[in-house]
Each structure stands twice: as structure tokens, then as C-alpha cells.
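Just below is one structure, and these are the notes that go with it.
Here is the naming used below: chain letters follow the sequence lines, and residue numbers restart at 1 for every chain. Below, each value reflects all heavy atoms present in this structure, side chains not excepted, and no hydrogens, waters or symmetry copies. Remember, it's a predicted structure, so these values are computed and weren't measured experimentally.
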Amino acid sequence: MAIEQQIKQKVVQALKELYGADLELEKVPLEITRKDQKGDFTVVVFPLLKLSRKKPEETASEMGSFLKDQLPAIASFNVIKGFLNLELSHDYWLSVLETISEKETYGFKPVADDAPLVMIEYSSPNTNKPLHLGHIRNNLLGYSLSRIAHANGNKVVKTNIVNDRGIHICKSMLAWKKWGEGVTPESTGKKGDHLVGDFYVLFDQNYKKELASLKARGLSEEEAVKESALMAEAREMLLAWEAGDPAVVELWKTMNEWVYKGFDESYKALGVDFDKIYYESQTYKVGREMVLEGLRQERFYRREDGSVWADLSKDGLDEKLLLRSDGTSVYMTQDIGTAKLRYDDFNIDKMVYVVGNEQDYHFKVLSILLDRLGFDWGKSLVHFSYGMVELPHGKMKSREGTVVDADDLIQEMVDTARDMSRELGKLDGYSDEDAARIYRTIALGALKYFILKVDPRKSMTFDPQESIDFNGNTGPFIQYTFARVQSVFRKAKELGLEVTMKVESGLSLTEKENNLLRMLANFPKVVQDASEAFSPALVANYVFDLAKEFNQFYHESPIAYEEDSAVRNMRFALSSVVGRTIRQAMWLLGIDVPERM
RNA sequence: GGUUCGGUAGCUCAGCUGGAUAGAGCAACAGCCUUCUAAGCUGUGGGUCAUGGGUUCGAAUCCCAUCCGGAUCACCA
């Protein structure tokens, strides 16, 4: 049994035997002792005074004596005001070290055959522009969440819904036909998603020009929009697409293929992937069927103009449009259709949508609608809502050209990491290929960690010039720490030492060693908390603390390689577990660790 | 305006279901490379936790109000 539980039980027992009072186990105020105080666990006795009817110090002392007598793991205790600090024995911590050094998957739960299936949707790009900084946050969060869910014993299906239909796609297609027919990614040497994105921008520019000239002729903004020939052509194209016009569909397929190829490269660079990809072009009709079925069952209603609505006033919300008066689908309809297809494909127990917080309302509504339509997981769906990524000068605006492109950003990071490595002379003596792999790992580590360490709910500021660092609370710092751990074992091997993970009892531990052990023992709780709170940031901040603590330990108490001693073995075991824990925590974040750097 | 999320050091962020003297990193300054990797370590300075009330042994944390900022309130996606 975990030591926390044992202490709590004994506290309950102490209250009973000393004061004849009852307290529920969960209500025992047990905490991890502050760093600047002596001890491992602390019982806060203030809330217990009502039961003991004695002064804080007195209560704490009496409880301390009781606990020390009853639990051999407790070596001593001290009382400061109403705080009872319990110090666990070195032997207890050594036994913890021995236990966890033996378990390869310490902190991770195995996935049972009947484990719940969690589906996580993330990324969800439009096919008319390349991925940008906001998508990076989305992808990294989604990917990390899937690993955290997996580590907590869930079956996980990573999914992506690609928005591949609609007027915006037609704009790119039209621009290509008008001003770029014959141009391909091959002919331009451009990534497909960027090429298509360029045509989308081109459409927008020409559309603006057209509007301007229309307005110059005295039309109002509204009239100009109505009169625009370009927009009319785009709408026509959408109709043709919906009608299955072979030429339009062919072009649509071709251009989408370009985009997907480009996306695949970006996903690969980011290190994320999916188990199942859905396309809105396949789901929007299903959604319409679902809504019509709901209409037949009188869950929804039809207005005079033919549009279909859901009345959500009983749930404290308003009315929501599900089908336009012309019978076509809206965003919500598509999400319902996608849900249906997913439900048919997988036995989903829990659904997680990683989508920005500007869609909080949408998912509130979706949850209610899916529930009404009979999806078991509808009510409990999780909208993992994250904040925007802002630049130092404000928000990213495509019009103002302040969008940070994902591919560019990654390239920039890699370049910086390369320059930095060269400057420090870190990769001298490595083949170009090895060096390139290492600074790539570092660059991505920096980017990923920077984004994941922030609480996802908050909007965050990202300065491409200055924010990304390789020192301090960063990915590379943690990677560096891992590399140093590996170096310890390389050194040992060079010296021909036999590295045993056997831990002998009776050793005395330094404060740093004790702190490290305490942190390592806490890892499973961190993994579990991260899952319950949907927070990769929890893991990120944990692994930084661990790395920092290890660096201090490493610096303060060098390992004496030459003597084969129990102390050295204990430190080897400690270092080994630290390395493993860093690797596992970083795995949860989707960040690679280099063997050396 | 309604709903909702946020406001912690010059900057970027931690601070769990209320607990001890509010913590890291960056930036600034001062030290440490004959010792397992200096992408490291040590030290110094830096705070009215937006503001005002309330709840209690105890509040950055919970409640109310106010101020400031974001998001949202489409037959857009």
C-alpha cells in the first residue's frame, strides 16, 4: 500500500484512540512537506483541533508520537506550529528505489483487453491553408493527451477531421483555374499545402480588388459583395461540386491530394500521427440524415421557411440551426454526422475534442444534441478547450501577414539549434547525419516543450525571436539532463564497471538524494493527475523540476566511479531511474530525448 | 449588453481539492570549466498575487462587487 494511505489510516486511528474522534480517511489533511522544511509528509493539524480539543502544538506532538510508534517507515517528526512534519527513514526510501528501479513501466498502467476506448480528435485543418502556430499547439496538445490517456490504461484512437469541402476550397480552385492552370507542386517546387494556400490568398486579393472597383462605381459594401462576379463563380463551383460535376470533383481531388501530401510532411516533422482520418465531404450528408431522423422523432422542429432547428431552451441555451432553409448542412450538422460515423466504426466510451476555446459554445450544444440523438458518450464528451497563441504584437492575422507558418517556424528552430550546437562545439566529431538528427531533436524539443508547459486553457504569448530558448526551463535543458544521465553509464561501461541496480539498505541519503527519490515516487500520481486534469503541462512542469533537482544532485555529489561501493550502486540506480522517468515523461509529451547532445 | 475564460516579479510562466516566509526560468549583476557534458551550478537584486469587501484559526486559491483583457452570442466553418 502507498505510504500516504498508510499514514492517513494511522492518523484516523490516532484520532480515535487519542481523542475518541472519528474522521473519514479522505479528509485527512496530508501534504507533501514544503521544500524548505525538514520532512517528507506533513499533517496539517489545524482542522483536527476541533476533534482533539487541544492546542495545535500539543495535538501535533501527540499524533507524531503515535504515528512514529505505529509506522516503522517514520524515522522522526518535528512540529512547527500546527504542522506535523514526518520524516521517513532512509531504509524506506531505499526500498522505494529498489522497487521502482525494477519496474520498467513504473507510472504507466497496462492497457487491459476490456479497457475503455478513448477517441481523441485533434488537428482538424482546412485544406485551403498551411498549418500555422495555432495548429501546432492543437496538434501537440492532442498528441500528448493521447499518450497520457494510453499511459493511464485506456485504449486510444487518435483521429482527425479534415475540413475538405465548402466555399473556401472553391476559392482556391477557382484562383488556380483562372491564374495558375497547369501549375503544380512539382513544377514550382513548393509544398502542396503552401501552393494551394497561395491561390487562396490570390483569390482574396483579386476579390478585394473587384470589390474596390465596384465601390468606386458607387456601390455600397453590401451591394458590391452581392455583385461580385468572382464570388458568384465560387458559389457556382460549390454547387457544381455538390452536384458531382466530374471536372470540378477531379480538380478538387487533385488539389486536395497536394494539400494532404504537404500536411503529411508537417505532421511528420512535428512527430504526430493519426489512427483514423475523417473527411467532412464524407460526413456532412450523414449528418443531414441524422438531423432528418431526429426531426421524424420530433426531437427537432421545422420552421415555415423549411429550416430545421433544435430547441435548447430547457438546457438554458437558445435555439440552434441544424439545416438551412435550402436543406444544406451547417457546421453543427457535419459534427453530428462525423460522430455517427465514428460511433459506427468504434466502440467509443469517451470522446475528446481538441478544439480552440472560441468554440466553447459549439461543443456545449453538440454535447446536448448528441445526447438527445442517443450517443452514450454525448453527455460526457470532453471539449478540450485551449487558448489562442498570441504574438508579442497581438493576435495572428492572415490579412496583416502576421501568421507564423508551422513549417517556417520548425525550420527556423532547427537552424537556430544547429548554429547553437556549432557555437558550443557540442557536435564536433559527429557525422553530419548524426549531428543533424541531434539538433533536430533539440529544436523540436524546444518548440514542443515551450508550448506544452503552459496551462492549455490560457492564451499564451509566443515570440519566435526571443521566446524560444535552450537554457533554463526548456526542452533542451531536460534533454541535456537525460543525455548526462546516459553519459554516466557510458563512462561506467568505458571503465569496465559492472552496473548493478541492487540497492542495499542501511545507507544514509543526502538531502538531494532524498528529494529525488520523493519526486520519483510521485511520478505515477503525476501521470494520473495529468490524465484527470487533461494537462500535459502538469507532466512538463514535473519533469523540469526533476531535471533541475538531478542537475543539482549531479553537481553536488559526484559519483566515485573507482570504488565499487554500495553508495555508488545506489547512485547508479537513482540516476538510472531518473533517466528512465525523464524519458517516460517526455514520451508523454511527445518529445524525443537524445542519447547525447 | 448576455454568457464565458483569464489578470501572480521588467518579460514568459508554476502555484493541486484553502495551509508555513508566494516560486521557477529569462533578462541584470557577481562567482565557478585539471573533477561523470558549463545547453550546467552557486549567489544578489526584483511582488500591494488587478481593486474593494466577505467567509475563518488561515485566502493568490472559495464567494460577491468593481476595473481591465480575450472568446462567444451567424441560414460562416
Side-chain angles (χ1 to χ4, degrees), chain A residues 26 29 31-37 42 44-47 49-50 56 80-83 85 124 126 163 165-168 280 303 305-309 316-318 321-332 334-335 356-362 364 385 387-388 390 392 395 417 420-421 423-424 426 442 446 450 453-455 457-463 466-467 469-481 483-492 494-495 525-526 529 532-533 535 537-538 540-542 544-545 548 551-552 554-556 558-561 571 575 596-597:
Chain A
E26 301 79 47
E31 304 177 356
I32 291 174
T33 304
R34 271 173 64 122
K35 235 180 171 176
D36 52 355
Q37 297 290 331
T42 296
V44 185
V45 300
F46 290 112
L49 300 181
K50 269 179 245 150
I80 295 169
K81 291 189 276 182
F83 299 94
N85 300 319
S124 310
N126 287 342
N163 179 8
R165 66 169 282 277
I167 190 82
H168 49 286
E280 287 193 358
R303 285 191 184 167
D305 62 3
S307 55
V308 177
W309 296 74
L317 305 172
D318 54 10
L321 178 82
L322 297 177
L323 286 178
R324 295 192 187 97
S325 47
D326 64 3
T328 55
S329 303
V330 291
Y331 180 36
M332 189 63 74
Q334 293 174 14
D335 262 351
N357 63 9
E358 71 272 14
Q359 293 188 29
D360 285 354
Y361 185 71
H362 172 82
K364 223 186 212 170
S385 163
M388 309 191 111
E390 284 168 19
K395 268 178 262 173
M420 201 85 116
S421 300
E423 202 178 303
L424 293 169
K426 286 284 180 181
I442 295 166
F450 185 85
K453 75 174 177 187
V454 180
D455 182 339
R457 287 169 307 176
K458 290 180 148 181
S459 53
M460 62 180 293
T461 309
F462 184 91
D463 187 341
E466 296 164 19
S467 286
D469 213 325
F470 296 82
N471 305 311
N473 187 356
T474 64
F477 169 80
I478 298 160
Q479 292 173 319
Y480 172 72
T481 310
R484 289 177 91 170
V485 173
Q486 299 313 299
S487 154
V488 169
F489 293 102
R490 273 199 299 274
K491 170 95 174 182
E494 269 171 36
L495 294 172
K525 191 172 176 333
V526 172
D529 287 352
E532 280 164 17
S535 177
L538 232 49
N541 286 298
Y542 167 83
F544 170 69
D545 287 344
K548 191 172 151 71
N551 263 296
Q552 291 169 356
Y554 193 74
H555 185 262
E556 280 176 19
I559 294 174
Y561 284 93
R571 289 190 179 159
S575 305
R596 54 181 84 199
M597 66 183 271

Establish, with yes or no, whether the OP1 or OP2 oxygen of B:U4 is under 4.0 angstrom from a side-chain nitrogen or oxygen of A:Asn357. no

Tell me the closest heavy-atom pair linking A:Asn357 and A:Gly387, and the distance in Å. ND2-CA, 3.5 Å

Out of B:A39, B:U72, B:A20, minimum distance to the side chain of A:Glu358 belongs to B:U72

Counting only side-chain N and O atoms of A:Arg484, is one of them less than 4.0 Å from OP1 or OP2 of B:A39? no

Please state whether the phosphate of B:A74, meaning OP1 or OP2, lies under 4.0 angstrom from any side-chain nitrogen or oxygen of A:Arg324. no

Is the phosphate of B:C57 approached by A:Lys50 (side-chain N or O, under 4.0 Å from OP1 or OP2)? no

Partner of B:G52 under the Watson-Crick or G-U wobble criteria, both distances under 3.5 Å, comes out as B:C64

For B:C13 and A:Lys458 - does any side-chain N or O of the residue sit under 4.0 Å from the phosphate oxygens OP1/OP2? no

Just by distance, with hydrogens left out, do A:Thr481 and A:Asn551 show a side-chain donor and acceptor under 3.5 Å apart? yes

Span that lies between the P atom of B:G25 and that of B:A60, in whole angstrom: 23 Å

Below the 4.0 Å mark, does B:A39 have OP1 or OP2 next to a side-chain nitrogen or oxygen of A:Gln479? no

Could you tell me whether A:Arg324 and A:Asp326 make a salt bridge, using a distance below 4.0 angstrom between a side-chain N and a carboxylate O? no

Nearest-nucleotide wise, let me know which of A:Tyr331 and A:Lys548 is further upstream toward the 5' end of RNA chain B. A:Lys548

Distance check, C1' atoms only: B:U51 and B:G6, in whole angstrom units. 16 Å

If you measure from the P atom in B:U3 to the same atom in B:A65, how many Å do you get, rounded? 10 Å

Checking N1-N3 plus N6-O4 or O6-N4 for Watson-Crick, or N1-O2 and O6-N3 for wobble, each under 3.5 Å, the partner of B:U72 is B:G2

Suppose we define a pair by two distances each less than 3.5 Å, Watson-Crick or G-U wobble; what does B:A30 pair with here? B:U42

CG (A:Asp529) and OH (A:Tyr542) are apart, to the nearest 0.5 Å, by 11.5 Å

Note: for A:Glu556 and A:Lys364 on RNA chain B, the residue whose nearest nucleotide lies more 5' is A:Lys364

